[in-house]
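Beneath this line is the structure, given in structure tokens, with notes to follow.
Only this structure's heavy atoms are used, side chains among them; waters, hydrogens and symmetry mates stay out.
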Amino acid sequence: EFPGGADKLNRYLTENLHYPAQAKESSISGTVYVQFVVNKKGQISEAKVLRGIGSGCDEEALRVIKAMPRWKPAEQRGKPVNVLFNLPVKFNLE
């Protein structure tokens, strides 16, 4: 899990996600779905966009995911294991 849980993950995304200028100009909003692996050491790897919205949002979502701090790795039978994770990253114009 993300250090501090889901609330801290949402706060991290809110504080670090920058709305791309191209998306603002084109009034693009929506959700980018990113898939990544949390490895046995809690590091993020193999991040990729499953479904994007373009205009720089896909690249920004990947940037923020790759820059995340280490997660608490999942365990199976008391040993750390790699886990595939899907995360929706929302871009909303206010």
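- Across all their heavy atoms, Pro88 and Asn86 have their closest contact at CD-O, 4.1 Å.
- Across every non-hydrogen atom of Val83 and Ala74, the tightest pair is CG2-CB, 3.2 Å.
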*Does the side chain to side chain contact (heavy atoms under 4.5 Å, CB included) test come out yes or no for Val81 and Glu75, once each step is laid out?*
CA-CA 6 Å; Val81 293; Glu75 290 186 3; 6.0 Å; no

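- Linking ILVMFWY residues whenever their side-chain heavy atoms come closer than 4.5 Å, directly or via other members, leaves Leu9 and Leu84 in distinct clusters.
- Between Asn39 and Pro73 the shortest side-chain heavy-atom distance does not fall below 4.5 Å.
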*Should Leu50 and Val34 be marked as a side chain to side chain contact (heavy atoms under 4.5 Å, CB included) after you check the CA-CA gap, both sets of side-chain angles, and the distance that decides it?*
CA-CA 6 Å; Leu50 291 178; Val34 180; over 6 Å; no

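- Here Glu60 contributes atom CD and Leu17 contributes atom CG; the two are 5.0 Å apart, rounded to the nearest 0.5 Å.
- Residue pairs meeting the ring-ring contact (aromatic ring centres under 6.0 Å, His included) criterion with at least one member in residues 72-93, sequence neighbours excluded: Tyr19-Phe91, Phe36-Phe85, Trp71-Phe85.
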*Test Val32 against Val49 for side chain to side chain contact (heavy atoms under 4.5 Å, CB included), laying out the working first.*
CA-CA 7 Å; Val32 176; Val49 173; 4.0 Å; yes

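- Pairs engaging residues 31-59 under the salt bridge (Lys or Arg N to Asp or Glu O under 4.0 Å) rule: none recorded [sequence neighbours left out].
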*Hey, mind stepping through Ile53 and Thr31 against side chain to side chain contact (heavy atoms under 4.5 Å, CB included) and telling me if it holds?*
CA-CA 7 Å; Ile53 57 175; Thr31 304; 6.0 Å; no

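- Sorted pairs that involve residues 42-64 and meet ring-ring contact (aromatic ring centres under 6.0 Å, His included), not counting sequence neighbours, are lacking altogether.
- Once rounded to the nearest 0.5 Å, the distance linking SG of Cys57 with CG of Leu62 reads 11.5 Å.
- Applying the ring-ring contact (aromatic ring centres under 6.0 Å, His included) test to residues at least two apart or on different chains, none of the pairs has a partner in residues 39-62.
- Taking CG of Leu87 as the start and CZ of Phe2 as the end, the distance is 10.0 Å to the nearest 0.5 Å.
- Between the CG atom in Asn92 and the CD1 atom in Ile28 there is a gap of 12.5 Å [rounded to 0.5 Å].
- Residues Ala47 and Ile65 come closest through the heavy atom pair CB-CG2, 4.3 Å.
- Applying the side chain to side chain donor-acceptor pair (under 3.5 Å) rule to pairs touching residues 1-18 yields nothing, sequence neighbours excluded.
- Not a single salt bridge (Lys or Arg N to Asp or Glu O under 4.0 Å) links Arg70 to another residue, sequence neighbours left out.
- If you chain together hydrophobic residues whose side chains sit under 4.5 Å apart, Ile44 and Leu13 fall into the same group.
- Within the model, atoms NZ of Lys24 and OG of Ser29 stand 13.0 Å from one another, a figure rounded to the nearest 0.5 Å.
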